[in-house]
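In what follows, a single structure is set out as structure tokens and then discussed.
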Amino acid sequence: MGMEFVSVRVGLQKLTGCARRWSIATLLFVVAGGLYGQNAASSLLSIRLEQRKGDAVQAVPQNTVFRNGEILRFRLTSQINGYLYVLDKGTSGNAAVLFPASGPAGSNRIEVGRNYLVPAEGEGWFEVSGPTGFDVLYFLVSATPIDLPRQGSANPGGEPVEPKAAPPPPNLLPRCDDEIFKARGECVDASAGVAPLAPGAPVPRELVPLARTASRDIVLTDEDGDTGIQSAPAAKLPIMYTFRLAHRE
């Protein structure tokens with residue numbers, strides 16, 4: 001992919017009330033947890049997408065196609081004790097670690113029953129911006145700390161690497177579901193939101209060393225409007241999955 005690690009502050013502009021701005025195209029979340037060898041589906045995390053309008057905060061459907069200028073954040077609830085890594089792949093081709101927070105105080109430790117905001121800076125708010133498309137977040141959860149490799153590291157094992165971002169073809173841009181838009185006036189795209197990472201799918205260069213061993217099998221559940229992520233039966237962790245955030249100018 002030829003992307004470079006950037007600080008989470010690069011491409012972000014401070015907004016009133018700790019809102020931040022960055023280019024959104026493909027946000028990639030990676031979660032590695034210590035549930036090895038279990039035969040039943042095991043809960044990992046639940047994820048909620050929140051939107052701020054003035055002083056009001058509300059949960060919004062994860063397959064919403066957002067407009068530039070809208071202000072969002074992710075709220076995660078952990079069902080395990082482990083370590084969480086969230087890597088953002090933007091439309092510019094750059095990658096940024098969104099969790100843990102930058103600096104010596106940033107910790108990627110997660111604990112059962114606790115809530116966490118992503119990005120892990122301030123109150124987690126960011127402003128949608130950038131070319132029309134999908135941001136992809138890679139989630140990685142582990143029972144033990146894992147050091148993400150530095151920019152420019154080698155590509156061991158020949159795992160496919162995402163190329164430098166290019167404008168997506170028109171058929172891969174976010175599209176509103178016509179029936180839902182006519183019925184409710186909401187623009188949603190069924191391909192947005194949490195999704196398994198397909199076998200053999202390219203991953204950001206920083207995740208290549210982990211992609212060879214991480215499981216990609218997950219089960220999604222509806223938890224009162226939140227999306228629950230479980231490891232599939234017989235799946236072993238660490239587990240890697242994605243969140244596609246759709247937006248348009």
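The figures here come from the full heavy-atom set of this structure, side chains too, leaving out hydrogens, waters and symmetry mates.
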**Request:** Evaluate the side-chain hydrogen bond (donor to acceptor under 3.5 Å, both in side chains) criterion for residues Gln58 and Glu50: first the C-alpha distance (whole Å), next the side-chain angles of each, then the deciding distance (0.1 Å), finally the verdict.
**Result:** CA-CA 6 Å; Gln58 63 182 13; Glu50 296 180 339; over 6 Å; no
**Request:** State, yes or no, whether a side-chain contact exists between Arg248 and Arg67 at a heavy-atom distance under 4.5 Å.
**Result:** yes
**Asked** Between Pro119 and Gly124, what is the shortest heavy-atom contact and its length?
**Response** CD-O, 3.0 Å
**Intermediate values then yes/no, side chain to side chain contact (heavy atoms under 4.5 Å, CB included), Leu220 and Tyr241** = CA-CA 11 Å; Leu220 303 180; Tyr241 64 94; over 6 Å; no
**Item:** Main-chain N/O of Ala198 paired to Arg216 side chain as donor or acceptor, under 3.5 Å
**Value:** yes
**Side-chain heavy atoms of Trp125 within contact of Val57, under 4.5 Å** = yes
**Message:** To check you understand the geometry: which heavy-atom pair defines the closest contact between Arg175 and Val65, and what is its length?
**Reply:** O-CG2, 4.4 Å
**Prompt:** Who are the side-chain hydrogen bond (donor to acceptor under 3.5 Å, both in side chains) partners of Asn108, not counting sequence neighbours?
**Reply:** Tyr85
**Prompt:** Does the gap between the ring centers of Tyr116 and Phe74 come in under 6.0 Å?
**Reply:** no
**Asked** Mind checking what makes salt bridge (Lys or Arg N to Asp or Glu O under 4.0 Å) contact with Arg109, not counting sequence neighbours?
**Response** none
**Request:** State, with a plain yes or no, whether a side-chain heavy atom of Met240 is found less than 4.5 Å away from one of Ser215.
**Result:** no
**Item:** Contact summary for Ser43 and Gln230, nearest pair of heavy atoms
**Value:** OG-NE2, 3.6 Å
**Message:** One pair to check against side chain to side chain contact (heavy atoms under 4.5 Å, CB included): Thr227 and Asp222. What are the steps and the verdict?
**Reply:** CA-CA 5 Å; Thr227 298; Asp222 185 0; over 6 Å; no
**Request:** Say whether Tyr83 and Leu117 are linked into one hydrophobic cluster, either directly or through other cluster members, by side-chain heavy-atom distances under 4.5 angstrom.
**Result:** no
**Prompt:** Which distance, rounded to the nearest 0.5 Å, do you find between the CD1 of Ile218 and the OG of Ser231?
**Reply:** 10.0 Å
**Message:** Just so I know, are the side chains of Ile110 and Asn81 near enough to count as touching, which here means a heavy-atom distance under 4.5 Å?
**Reply:** no
**Request:** Check for a donor-acceptor pair, side chain of Ser78 on one end and backbone N or O of Ile80 on the other, with a separation under 3.5 Å.
**Result:** yes
**Request:** Determine yes or no for a side-chain-to-main-chain donor-acceptor pair under 3.5 angstrom, with His247 supplying the side chain and Pro131 the backbone.
**Result:** yes
**Request:** Measure across Thr132 and Glu249 and return the closest heavy-atom pair with its distance rounded to 0.1 Å.
**Result:** OG1-N, 3.1 Å
**Message:** Distance check, rounded to the nearest 0.5 Å: Arg73 atom CZ versus Arg52 atom CZ?
**Reply:** 8.5 Å
**Message:** Just so I know, are the side chains of Gln62 and Ile47 near enough to count as touching, which here means a heavy-atom distance under 4.5 Å?
**Reply:** yes
**Request:** Taking salt bridge (Lys or Arg N to Asp or Glu O under 4.0 Å) as the test, write out the residues that go with Asp189, two or more places apart.
**Result:** none
**Message:** Check whether Arg48 reaches the backbone of Leu76 with its side chain - one donor and one acceptor, N or O, closer than 3.5 Å.
**Reply:** no
**Request:** Using a 4.5 Å cut-off on heavy atoms from C-beta on, say whether the side chain of Glu121 contacts that of Ser102.
**Result:** yes
**Complete:** Minimal heavy-atom distance between Ala120 and Phe99, with the atoms involved, is CB-CD1, 3.6 Å
**Message:** Nearest 0.5 angstrom please: Glu127 CD to Leu72 CG, how far?
**Reply:** 9.5 Å
**Message:** Tell me the closest heavy-atom pair linking Phe66 and Pro61, and the distance in Å.
**Reply:** CZ-O, 4.2 Å
**Close side-chain approach of Val128 and Ile71, heavy atoms under 4.5 Å** = no
**Request:** Taking the side chain as every heavy atom from C-beta outward, state whether Val194 and Thr242 have any atom pair closer than 4.5 Å.
**Result:** no
